[in-house]
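Report on the structure given below.
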Amino acid sequence: MTMKYWLMKTEPTTYSIQDLEKESNQTTCWEGVRNYQARNLLRDEIQEGDRVLFYHSACKEPAVVGTAVVSRQGYPDHHAFDKRSKYYDAKCDPENPRWYMVDVTLEQKFGCPVTLASLREKAALTDMVLLQKGSRLSVQPVKKKEFDAVVKLAK
DNA sequence: GCCAACGTTGGC
DNA sequence: GCCAACGTTGGC
């Protein structure tokens with residue numbers, strides 16, 4: 001299985017790369033994704049060892065702020081069954097999980113975040129899912145050359 | 001805060 | 001299965 005590349009969005013007011021940095025083992029579960037297209041990626045496509053662009057959305061300066069590695073592949077998001085969780089989903093049956101998550105581990109926090117504006121300036125990145133009009137997927141595929149180009153911009 | 005784009009819900 | 005209404009996302 002060859003390594004794949006992804007981009008995951010998070011609102012830094014909810015969970016930021018600084019939060020990930022502070023976790024034990026700098027690892028967290030990526031809970032709360034409640035979109036079927038993204039769910040399918042989390043459940044079926046994303047493999048341990050895959051690389052992730054960590055993206056801050058809905059904030060003053062939207063940007064890729066670092067990279068992470070998938071440290072556990074898809075498993076049921078148990079927050080959906082927890083009434084106290086903000087991600088509780090009353091329609092979910094633990095016997096037949098609807099929502100999935102993966103674990104991610106911090107790889108690198110960029111010293112220099114790669115802003116959305118700077119991504120748009122790069123001709124090599126015009127096909128990135130993130131940059132397409134109306135694109136809202138919070139977990140999305142990235143091509144290797146795109147991943148590499150973004151990492152390069154962080155230097 | 002605005003609003004375009006997209007996803008989901010539910011009546012029919 | 002259609003589609004209007006509503007809710008959410010997320011850049012600006």
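Lettering of chains follows the sequences in order, A, B, ..., and the numbering in each one begins at 1.
Residues that satisfy the salt bridge (Lys or Arg N to Asp or Glu O under 4.0 Å) test with A:E21, not counting sequence neighbours, are A:K109. Annotation: salt bridge (Lys or Arg N to Asp or Glu O under 4.0 Å) contacts of A:R34 (sequence neighbours excluded): A:D77. Scored by the salt bridge (Lys or Arg N to Asp or Glu O under 4.0 Å) test, A:D44 finds no partners at all (sequence neighbours excluded). When the salt bridge (Lys or Arg N to Asp or Glu O under 4.0 Å) test is applied to A:E107, the partners found at least two apart in sequence or on another chain are A:R51. Among residues two or more places apart in sequence or in another chain, the side-chain contact (heavy atoms from CB on, under 4.5 Å) test is passed with A:S85 by A:H79, A:D82, A:Y87.
Comment: A:K144 engages A:D148 in a salt bridge, judged by a side-chain N to carboxylate O separation of less than 4.0 angstrom.
For DNA chain C, the contact window with chain A, defined by any atom under 4.0 Å from a protein heavy atom, covers C:dG7 to C:dC12 in 5' to 3' order.
Residue-level contact check: A:Q37 touches the backbone only, with heavy atoms under 4.0 Å from sugar-phosphate atoms and none from bases.
A ring-ring contact (aromatic ring centres under 6.0 Å, His included) check over residues 28-68 of chain A, counting only residues at least two apart or in different chains, returns the pairs A:W30-A:F54, A:Y36-A:W99, A:F54-A:H56.
Note that the two end axes of the helix from B:dG1-C:dC12 to B:dC12-C:dG1 enclose an angle of 10°, each drawn from 5 base pairs, rounded to 10 degrees.
With a 4.5 Å cut-off between side-chain heavy atoms of Ile, Leu, Val, Met, Phe, Trp and Tyr, the cluster of A:Y88 takes in none.
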